[in-house]
Structure formats: C-alpha cells, structure tokens
Number of protein chains: 2
Amino acid sequence: MGNHREHPGFDVFSPRCPSRQTLENVTGRWGSLTLAALADGPLRFGALRRRIEGVSEKMLSQTLKALEADGLVSRTDHATSPPRVDYALTAPGEQVAAAVVALISALYAVLPDVLSAESSA
Amino acid sequence: MGNHREHPGFDVFSPRCPSRQTLENVTGRWGSLTLAALADGPLRFGALRRRIEGVSEKMLSQTLKALEADGLVSRTDHATSPPRVDYALTAPGEQVAAAVVALISALYAVLPDVLSAESSA
DNA sequence: CGGCATCCGAATGGATACTG
DNA sequence: CAGTATCCATTCGGATGCCG
C-alpha cells in the first residue's frame with residue numbers, strides 16, 4: 001500500500017493529468033514551504049513571510065493564490081483596520097501538508113549523507 | 001513524531017541551510033517525478049525520459065546531475081556499444097523517494113476535492 | 001543511445017513603488 | 001497590514017546540431 005500506482009484514475013507522469021499541475025503547485029519553489037509553515041497552524045500574511053525566509057511578497061502572494069485555488073489553503077479576511085488576513089490549511093490541505101512535512105523529515109534524516117556526498121564531489 | 005521541528009540541526013525555512021537547496025532539488029519541477037519514477041526500480045536514460053512525459057533531454061540530464069550530486073541517485077555507465085547508462089536510487093534516495101511517493105499518494109487522495117474547488121473558482 | 005554545447009524566446013522571480 | 005503594479009535581471013527550458 002501507499003504506492004502511487006494504486007490510483008488508476010490519475011497519472012502524475014502524464015502532462016495532461018490535472019494532478020501534474022497540482023503537484024507543481026505543491027512541490028514548487030515556495031509551495032512546499034508554505035504548506036509546511038501552515039502545518040503548525042494558521043498564520044497571517046506577514047507572519048508567513050517572516051517564517052519562509054527569502055520569499056518575496058510577490059511570490060508568497062502568488063503561491064497562496066495557487067494553493068487557495070486548489071482548495072488546499074483557506075483565506076480569511078477579517079476586514080478590520082489595520083487589515084488582518086489569516087491563512088490556514090483546509091481538510092485536504094492538512095492531508096497534503098502532512099505528507100510534505102514527512103518529506104522534509106525524510107530529507108533531514110538523510111541530509112548528513114547528502115552533505116558528505118556533496119563534499120566529495 | 002515525524003515533525004520537522006524535531007531536527008534542531010537543520011531548518012529548511014532558512015535560506016542558508018543546505019537542506020533548502022536539497023529540498024529544491026527534490027521538489028523541483030522534475031525532481032519529484034524523477035525520484036518517483038526510480039522508486040519502481042532502476043531505469044535507463046531513455047526509459048526515464050519516456051516515463052516522465054514532457055521532460056526534455058536537457059532538463060532530465062540536469063535533474064539527474066543534481067540528484068546525483070546530492071547522493072540520492074547513482075549513475076552506472078556500462079560503457080558498451082551502443083551506450084547504456086542506468087540510473088538508480090541510492091539508500092538515502094530510497095528514503096526520500098518513498099516520501100515523495102507518499103506525497104503523490106496523498107495528492108491523488110485529495111484530487112477530487114481539488115478539482116471541484118477549481119471548477120467552482 | 002546517451003549525452004553536451006549553443007542559441008534564444010518564455011517564464012520566473014526579486015526590488016521598488018504605490019494603494020486601500 | 002496586506003496586498004497590487006511595474007520594471008528588470010536571471011533562469012528555465014525547448015530546438016538544434018554535434019560527439020563517443
């Protein structure tokens with residue numbers, strides 16, 4: 001179980017499958033970090049920006065829009081002054097974010113090997 | 001357990017942490033698909049190219065090089081005629097690839113929700 | 001077959017300035 | 001604070017041609 005081949009309806013290897021685009025939104029440059037950041041709980045725009053170091057306003061905005069369009073992230077505009085907007089994971093978003101966090105954990109686990117591989121290059 | 005916060009030595013949210021670059025290699029446009037493809041076993045360059053539909057020769061070559069430099073993928077040149085080069089996951093690569101496959105599985109599971117979210121946009 | 005080198009248009013993405 | 005708009009440099013990435 002747990003193998004991607006067990007979902008006959010979708011094929012991420014095919015450019016025409018919608019899963020491909022969603023995969024790119026999720027695994028894109030900022031997508032994975034955004035989901036991982038929100039896995040710890042809802043965050044405001046500015047807090048997200050500070051948490052994901054190096055992301056520009058523009059890219060964060062774009063990334064959040066894509067994830068929101070995918071229904072993985074929800075946006076709550078409190079319409080107050082000063083403005084306050086919260087971003088949070090939806091139920092599907094939680095599922096995907098958990099997998100992203102697991103991937104990052106797996107990465108951390110092998111990073112010592114990776115670093116020694118790079119130093120011997 | 002399984003949370004990324006449990007690895008104090010590394011922080012993927014910091015641009016200076018080497019894990020960040022590796023994460024981008026793994027989750028990059030073609031990185032995740034390459035790892036997923038190799039999760040089923042070693043493949044030759046051409047087979048890989050056919051499996052990952054839409055990837056160009058140049059990008060596949062570049063992606064494989066990055067993953068090889070990270071020590072996640074191994075390259076075996078049989079030096080025969082006609083040429084034959086096999087790509088396979090290393091032990092660390094297997095760990096990461098398994099997490100990628102799990103992520104894709106999670107994605108498949110929520111895709112119906114994603115698609116309905118998109119259609120109502 | 002499995003590459004690498006080059007060219008070039010397209011897309012990405014950051015800095016800055018501006019708005020509600 | 002939470003964006004949007006514009007400009008611009010960098011990078012991406014496909015097409016082509018060549019090599020062992």
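Lettering of chains follows the sequences in order, A, B, ..., and the numbering in each one begins at 1. Quick caveat: nothing in here was measured; it's all calculated off a predicted structure.
The two atoms that bring B:V85 and B:R75 nearest to each other are CG1-CG, 3.7 Å, heavy atoms only.
At the heavy-atom level, A:R49 lies nowhere under 4.0 Å from the strands shown. Residue B:G54 is in sugar-phosphate contact alone, with no base atom involved, counting any heavy-atom pair closer than 4.0 Å across all strands shown.
Residue B:R84 places none of its side-chain N or O atoms closer than 4.0 Å to OP1 or OP2 of C:dG2. Listed pair A:R75 / D:dG3 meets the phosphate criterion, a side-chain N or O lying under 4.0 Å from OP1 or OP2. Within the 4.0 Å cut-off from OP1 or OP2 of C:dG14, at least one side-chain nitrogen or oxygen of A:R29 is found. Taking only side-chain nitrogens and oxygens, B:S61 never comes nearer than 4.0 Å to OP1 or OP2 of C:dG2. For C:dG3, one of the phosphate oxygens OP1 or OP2 lies less than 4.0 angstrom from a side-chain nitrogen or oxygen of B:Y87.
Rounded to whole Å, atom P of C:dC4 lies 12 Å from atom CE of B:M59. Atom CG in B:D77 sits roughly 10 Å away from atom C1' in C:dG3 (whole-Å rounding). In this entry the distance linking CD of A:Q62 with C1' of C:dA11 reads 11 Å, nearest Å.
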Where do A:L33 and B:L23 land on the side chain to side chain contact (heavy atoms under 4.5 Å, CB included) test, with the steps shown first? CA-CA 9 Å; A:L33 290 174; B:L23 179 69; 3.8 Å; yes
